Each structure stands twice: as C-alpha cells, then as structure tokens.
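Okay, structure first, notes after.
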Amino acid sequence: MPTLPDLHSVAAYARRRHHDRVIQFAIRLSACCVAIASVPCTAGGQTATGALSSRDELSAAATHAEQSRNPLQAAAIRERLRDGDFQVGDRILLTVFSDAARTDTLVVRAGRVIDLPGKAVLPLAGVLRSELRDRVTAEVLKYMKADRVDVTPLTRIGVLGEVARPGYFAFRSDVPITDAIMQAGGPTGAADIDRTVVRRASREYRSADETRQAVAKGLTLDQFGLSAGDELVIGRQHQFFNPTMSAVLGMAASLSAIFFAIHH
C-alpha cells in the first residue's frame with residue numbers, strides 16, 4: 001500500500017505557495033502604482049498623458065505583431081486604427097468647467113455619434129480614445145464658453161475567473177490592468193495571475209505570457225488593447241494532486257478525525 005503524504009506538510013506547502021503568489025502580485029501592483037504616479041496627469045481626473053495609445057504607437061504595434069507572426073492581433077489593431085475605439089453603447093464622462101462644473105454621461109448611439117452640449121453631434125467613427133479629448137473640447141468650445149473640459153472614456157469589460165467579485169465593469173480606459181483586478185475584489189486564494197488570459201468573442205485574444213508581461217509593465221486597459229466586451233480571465237492554480245489522490249487524502253483526513261474522536 002503506498003505511503004500517504006503527511007497532511008500537515010501538504011497544507012504548509014500549499015500555504016507557502018499561495019503566500020508567495022500573493023507577495024508577487026503585491027510587488028507587481030506596487031510597481032504599477034509607482035509607474036502611474038510618475039506619469040503627469042491633468043487636473044480634475046482627466047486622462048493621464050501617455051496612458052492611452054496614440055495612433056503612431058498602434059501602427060508600430062501592428063507592424064510588430066505582423067513581424068511576430070501574430071495575424072489575429074495585427075488584424076485587431078489595424079481594425080482599431082480604421083474604425084476607432086468607440087462602439088454603440090459605450091459611455092463617456094464629460095465635465096465642463098465654467099461658472100460651475102457640469103458633468104454629463106454621454107452614450108455612443110447608432111451611427112457611432114454622441115450628442116454634446118449646445119445640440120452639437122460629434123461622429124466618433126475612426127476616433128481613438130487618445131484622440132477623443134481634443135475632438136470633444138474643440139467641438140464644445142464652438143458652442144459655449146468654458147475654462148476647462150474634461151473627457152473620460154469608459155470601457156466595459158469582464159473580469160472573470162479567480163477574483164472575489166467576478167463580473168462586468170465600466171472602467172476608465174487609462175486604469176492599469178492590476179487596478180481592474182483589484183476593483184473586482186482582487187485574486188482569490190486559488191488564483192494564479194501568471195495564467196491570466198484575455199478572451200474576445202469566446203476566443204483567446206491575449207495569451208497568458210502576453211498578459212503577464214502587460215501586468216509586469218503596468219500597462220493600462222487601453223495600452224493592452226482591450227475593447228468593450230473583452231474578458232480578462234484570471235487563471236487558477238494547478239492542483240497539487242490528481243482527483244484520485246485528493247479523494248485518498250480526504251478519506252485519510254476523515255478516518256483520522258473519526259479515530260481521534262473515538263479515542264479522546
């Protein structure tokens with residue numbers, strides 16, 4: 001009969017593994033916070049400079065994807081450059097500062113257009129998130145006086161898998177991936193951040209290796225190319241034992257509990 005592993009040693013090993021993963025994620029999160037804090041931001045919570053991908057950066061990324069023989073990613077970036085970032089139903093926070101601050105939530109409607117103050121209609125077909133602020137500001141100032149205009153695009157994505165509160169959330173497009181994970185309650189005890197992937201239309205769009213590198217670099221949702229409807233799926237740790245061994249361990253634990261109950 002095979003010798004069963006010591007249950008206390010197994011539990012201790014599992015706790016150490018989980019503790020090490022939590023520490024690794026905390027270090028990554030701290031590094032991301034430092035990186036974001038070092039980026040200059042405009043007043044009023046407006047999108048941080050450099051946190052949204054420019055057209056030149058996306059063109060370079062598409063070329064790199066093609067050279068790396070990643071046609072799916074290259075095609076997605078080329079489509080983004082052609083059609084823009086905004087889809088029907090997307091939301092944008094607009095704050096106009098004049099005598100007082102006025103905040104509106106704009107919804108992209110059919111035809112990929114938004115309605116601005118002053119009854120202006122702004123087409124967003126082909127517009128990137130990084131280009132939105134200048135487009136909206138220029139249009140708003142045609143119809144009204146303002147000291148400042150803040151524009152914040154939101155991206156609704158799913159944060160699923162091994163997080164405490166899985167679901168779909170409307171995030172600022174310039175938040176780091178780690179922030180999105182923490183806003184979904186943070187990783188569970190069974191989570192393995194290194195096995196996280198991005199799904200688009202039920203297909204893997206970003207691999208675990210790509211996502212791990214993006215987290216380590218502190219990339220934002222926009223910089224990682226996430227669009228409305230994408231799913232960030234937090235991976236799960238490998239099981240230490242196969243189902244048969246787990247059943248044996250469970251039985252051994254139960255028998256031990258019964259033995260001690262009878263003899264004490």
Side-chain angles (χ1 to χ4, degrees), residues 21 24-25 27-36 38-39 47-87 90 124-132 153 155-163 168-169 171-182 184 187 191-238:
R21 293 183 186 280
Q24 290 174 6
F25 184 73
I27 292 172
R28 290 176 183 174
L29 181 58
S30 298
C32 292
C33 291
V34 171
I36 294 301
S38 65
V39 176
T47 299
T49 303
L52 301 177
S53 300
S54 69
R55 191 166 291 274
D56 288 343
E57 289 170 337
L58 289 175
S59 296
T63 300
H64 177 73
E66 291 165 347
Q67 294 173 346
S68 302
R69 297 182 180 180
N70 192 337
L72 178 63
Q73 184 181 339
I77 297 174
R78 296 293 183 194
E79 181 181 3
R80 183 179 175 188
L81 286 166
R82 183 187 69 242
D83 298 337
D85 284 326
F86 298 96
Q87 304 174 21
D90 284 352
L124 294 183
V127 177
L128 300 176
R129 298 187 191 102
S130 59
E131 301 167 337
L132 180 67
T155 303
R156 182 174 173 79
I157 67 168
V159 184
L160 309 175
E162 293 300 325
V163 286
Y168 282 81
F169 305 85
F171 294 113
R172 289 176 56 118
S173 303
D174 60 350
V175 301
I177 299 169
T178 47
D179 281 18
I181 295 173
M182 295 309 295
D192 184 350
I193 299 297
D194 289 342
R195 293 169 59 82
T196 299
V197 300
V198 174
R199 290 195 310 225
R200 175 173 293 178
S202 301
R203 297 176 57 186
E204 184 177 300
Y205 173 60
R206 292 285 198 171
S207 68
D209 185 57
E210 291 173 318
T211 307
R212 179 172 59 251
Q213 293 181 38
V215 169
K217 293 176 181 177
L219 296 189
T220 64
L221 301 180
D222 181 88
Q223 290 170 333
F224 198 39
L226 297 190
S227 299
D230 286 350
E231 297 174 340
L232 182 65
V233 185
I234 311 306
R236 184 180 180 85
Q237 297 176 24
H238 283 299

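The shown structure was predicted, so the numbers you read here are calculated from the model rather than taken from an experiment. In this chain, residues are counted from 1 in sequence order.
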What distance separates Ser207 OG from Gln73 CD, expressed to the nearest 0.5 Å?
8.5 Å
Determine, step by step, whether Thr220 and Ile177 satisfy the side chain to side chain contact (heavy atoms under 4.5 Å, CB included) criterion, reporting the C-alpha distance in whole Å, the side-chain angles of both residues, the deciding distance to 0.1 Å, and the verdict.
CA-CA 6 Å; Thr220 64; Ile177 299 169; over 6 Å; no
Locate the shortest heavy-atom distance separating Pro176 from Gly218; write the atom from each residue and the value.
CB-O, 4.3 Å
Residue pair Phe86 / Pro153: nearest heavy atoms and the distance that separates them
CE2-CB, 4.0 Å
Is it the case that over 12 heavy atoms from other parts of the model lie below 6.0 angstrom from the CZ atom of Arg203?
no
Reported CZ-to-CG distance for the pair Arg129 and Leu221, which is rounded to 0.5 angstrom:
8.0 Å
Please name all residues satisfying salt bridge (charged side-chain N to carboxylate O under 4.0 Å, His left out) with Arg80, sequence neighbours left out, ordered by chain then number.
Asp85, Asp222
Is there a side chain to side chain contact (heavy atoms under 4.5 Å, CB included) between Leu219 and Gln213 once you walk through the steps?
CA-CA 9 Å; Leu219 296 189; Gln213 293 181 38; over 6 Å; no
Which heavy atom in Ala208 sits nearest to a heavy atom in Val197, and how many Å separate them?
N-CG1, 3.6 Å
Go through Arg55 and Leu81 one step at a time and tell me if the side chain to side chain contact (heavy atoms under 4.5 Å, CB included) criterion holds.
CA-CA 7 Å; Arg55 191 166 291 274; Leu81 286 166; 3.7 Å; yes
Could you tell me if the side chain of Met182 sits less than 4.5 Å from the side chain of Pro187, heavy atoms only?
yes
Does either side chain, that of Arg195 or that of Gln237, offer a donor lying less than 3.5 Å from an acceptor on the other one?
no
Lys217 and Gln223, any side-chain heavy atoms less than 4.5 Å apart:
no
Distance, nearest 0.5 Å, that separates CZ of Arg206 from CG of Leu226:
8.0 Å
So do Val215 and Thr196 actually touch side chain to side chain, heavy atoms under 4.5 Å?
no
For the pair Glu231 and Tyr205, evaluate side chain to side chain donor-acceptor pair (under 3.5 Å) and give the outcome as yes or no after the intermediate values.
CA-CA 9 Å; Glu231 297 174 340; Tyr205 173 60; over 6 Å; no
So, taking the atom named CG in Leu128 and the one named OG in Ser173, what distance separates them when rounded to the nearest 0.5 Å?
11.5 Å
Tell me, with the steps shown, if Phe171 and Val159 meet side chain to side chain contact (heavy atoms under 4.5 Å, CB included).
CA-CA 11 Å; Phe171 294 113; Val159 184; 3.8 Å; yes
Is it true that a side-chain atom of Ser53 and a backbone atom of Leu58 form a donor plus acceptor pair closer than 3.5 Å?
no
Output the distance between atom CG (Leu232) and atom CD1 (Ile234), rounded to the nearest 0.5 Å.
4.0 Å
Glu162 and Arg236: salt bridge (Lys or Arg N to Asp or Glu O under 4.0 Å), yes or no, with the steps?
CA-CA 6 Å; Glu162 293 300 325; Arg236 184 180 180 85; 2.8 Å; yes
Scanning both residues in full, the closest heavy-atom pair of Glu66 with Ala74 reads CG-CB, 3.4 Å
Out of curiosity, Phe224 CZ to Thr211 OG1, how far, rounded to the nearest 0.5 Å?
4.0 Å
Is there a side-chain contact between Arg200 and Ser227 (heavy atoms, below 4.5 Å)?
yes
